[in-house]
Structures are given as structure tokens and as C-alpha cells.
Amino acid sequence: MIRVIVADDQTVVRAGIAAILDAEPDMTVVGQAADGEAAAAIAASTAPDVAILDVRMPGTDGLAAAELIGRRQPATRIVMLTTFGLDEYVFAALRAGAAGFLLKDAEAAKVVEAVRVVAAGEAILDPGVTRRLIDRFATGPGPADAERLRGLTARETQVLHQVARGLSNAEIAAALGISTSTVKDHVAVILSKLGVRDRVQATIAAYEAGLIRPGIR
């Protein structure tokens, strides 16, 4: 059973999302909050698998809550939900440790899918968010970003390149001629060496370092 908390300052939105998720046979909503501070407190007491956080909330917002939850309950996966698709929110949310980012006009099925995907250890981004990521890094790496990858072996660098292309472990295994379990091991080491939580943040690191560029495979 996937345990979820939902935080949104709009009562109707919060209750609607909770009702949708509670209706799923493999999900249960263990808490609801109207602001980030309450969300962090609920997460601390319930240790949910997934926290759905609205970016803009009064007081402690969703970004601050994501950082708090990430530090206190690193096993809790975070999906950010917002009406805004602005770059500043996208990057701040991803850097705060979010594994998913959806716009509020996403269909109910997409929200359900996002919870299942991030609970399984993967990441999911709204297509518009992915487009912004590509646009953001189209100009190439910053002056110090490439240093982050110097600790990776040649094989780990190859695996990270495929991760940044959006390939699954099975697809990476096929592309590199290695087993899926070996890919999984490489990914775990890459995340540790880069000091990131998941594949989304690893992808950001790859783009920032210039390992992969939009339009170049």
C-alpha cells in the first residue's frame, strides 16, 4: 500500500486529490495539510511513501516543505503540484529533491500515475516542465559544473549519459550490453558520487556538466 500525504492551501483541490488517490486499491491518504509547515509535521509523524505538495502555500511553502521532508524523511518521495510552470519553481523544486512535477491541470490519471512512478523510485515530469529543462540547458555548462563528474568512471559516465536521455535500466542495459542489475548498481553509485537523491537530479547534473546537450545524443 502506497501511503500518501497531500498539501494544498485550496481545500477543494486538496480534498479532490485525496479522494482520487484514496479510491485507488493500492493507495491510502494518511494526512492532509493546508501549508508546508503542517505538511512537514505530518510527514514526520506518518512517514509517507509520497508527499504531494503545492508549490505556493501561505507561510512555509511547498519548496521549503520539500527541503524539510527531504532532510528528515529521505525515503519519502515528493511530487510538486502547481498552477505555475515558471522556470524558477521548476528548478527550485527539483533541487529541493522533488521526484515529480505536475501542473494542476493534469488529468486525475496522471496524478495517480505520478504517485505510482515516484513510489517505485523513478521520476516523472510534466511535458512542459521537460521542455523548460531542455531550454534551460541549451546554452551549455556553467564554468564549474563539469567538476562534478570527474569522480565517475568511464562506465559510470556512460550510464549517466543514458539516464539523462531518459532511458530505463532495461534500455540502458540493452544499449551498453550489460545486465540490468549491473546498471542498477552503477546508478546507485552515480547518485552517491554526485550527492543527489534520484535520477531527476542526476539528469540535471549531467546537463549542467555538459555531458548531454539538447538535440545531441
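Side-chain atoms are counted along with the backbone in the values below, which use heavy atoms only and exclude waters and symmetry mates.
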For Asp8, is there any backbone N or O sitting under 3.5 Å from a side-chain donor or acceptor partner on Arg14? yes
Can you get from Ile42 to Met80 by hopping between Ile, Leu, Val, Met, Phe, Trp and Tyr side chains that sit under 4.5 Å apart? no
Run Asp9 and Arg56 through salt bridge (Lys or Arg N to Asp or Glu O under 4.0 Å) and show every step you take. CA-CA 8 Å; Asp9 61 320; Arg56 285 192 169 185; over 6 Å; no
Is it the case that atom CD in Glu67 sees more than 12 heavy atoms from other parts of the structure closer than 6.0 Å? yes
Are Leu194 and Leu167 joined in one hydrophobic group, where the rule is that I, L, V, M, F, W and Y side chains link up if heavy atoms are under 4.5 Å apart? yes
Testing the basics here: between Leu102 and Ala114, what is the closest heavy-atom pair and its distance to 0.1 Å? CD1-CB, 3.5 Å
Check against side chain to side chain contact (heavy atoms under 4.5 Å, CB included), Leu211 and Leu149: CA-CA 9 Å; Leu211 178 64; Leu149 304 190; 3.8 Å; yes
Do the side chains of Val189 and Leu152 join up, straight or via other hydrophobic residues, at under 4.5 Å, putting them in one cluster? no
Side-chain contact test, heavy atoms from C-beta onward, threshold under 4.5 Å: evaluate it for Ile5 versus Val30 and give yes or no. yes
Decide whether Val163 and Leu191 are clustered together by the hydrophobic rule: side chain heavy atoms of Ile, Leu, Val, Met, Phe, Trp, Tyr closer than 4.5 Å, transitively. yes
Any chance you could lay out the salt bridge (Lys or Arg N to Asp or Glu O under 4.0 Å) test for Lys110 and Glu107, step after step, and finish with the verdict? CA-CA 5 Å; Lys110 192 67 174 179; Glu107 296 180 357; over 6 Å; no
Please examine the side chains of Arg199 and Asn169, heavy atoms only from C-beta on, and report whether any two atoms are closer than 4.5 Å. yes
Does the side chain of His186 reach to within under 4.5 Å of the side chain of Ile178, using non-hydrogen atoms? yes
I need the minimum non-hydrogen distance between Met1 and Pro25, along with the two atoms involved. CE-O, 3.5 Å
Counterpart residues, side-chain hydrogen bond (donor to acceptor under 3.5 Å, both in side chains), relative to Ser168 (two or more places apart): Glu171
I need the minimum non-hydrogen distance between Ala40 and Leu68, along with the two atoms involved. CB-CD1, 4.0 Å
Nearest atoms (heavy-atom pairs only) where Ala43 meets Pro48: O-CD, 3.5 Å
When Met27 is tested against each of Ile20, Val112, Asp22 for side-chain contact (heavy atoms from CB on, under 4.5 Å), which residue passes? Val112
Any sub-3.5 Å donor-acceptor pair from Asp54's side-chain atoms to Met57's backbone N or O? no
Side chain of Thr157, backbone of Thr153: donor and acceptor closer than 3.5 Å? yes
Determine whether Ile17 and Leu81 satisfy the following criterion, side chain to side chain contact (heavy atoms under 4.5 Å, CB included), listing intermediate values before the conclusion. CA-CA 11 Å; Ile17 293 173; Leu81 190 67; 3.0 Å; yes
Same cluster or not: Val187 versus Val196, using hydrophobic residues (I, L, V, M, F, W, Y) connected whenever any side-chain heavy atoms lie under 4.5 Å apart? yes
What verdict does the side chain to side chain contact (heavy atoms under 4.5 Å, CB included) test give for Glu113 and Val117, after you've listed the backbone C-alpha separation in whole Å, the side-chain angles of each residue and the deciding distance to 0.1 Å? CA-CA 6 Å; Glu113 177 193 7; Val117 168; 4.0 Å; yes
Would you call Val79 and Val50 a side-chain contact if the rule is heavy atoms closer than 4.5 Å? yes
Of the non-hydrogen atoms in Ala99 and Val118, which two are nearest, and what is the gap between them? O-CG1, 3.7 Å
Do any N or O atoms from the side chain of Lys193 and from the backbone of Gly151 form a donor-acceptor pair under 3.5 angstrom? yes
I need the Glu37 CD to Thr60 OG1 distance, nearest 0.5 Å. 5.0 Å
Are Ile52 and Ile78 close enough that some pair of their side-chain heavy atoms sits under 4.5 Å apart? no
Mark yes or no for whether Arg3, through its side chain, and Thr46, through its backbone, hold a donor-acceptor pair below 3.5 Å. yes
Kindly determine whether Arg116 and Asp26 satisfy side chain to side chain contact (heavy atoms under 4.5 Å, CB included), including the steps that lead there. CA-CA 9 Å; Arg116 290 199 178 104; Asp26 59 339; 2.8 Å; yes
Quick check: closest heavy atoms across Leu53 and Ala39, and the distance to 0.1 Å? CD2-CB, 4.0 Å
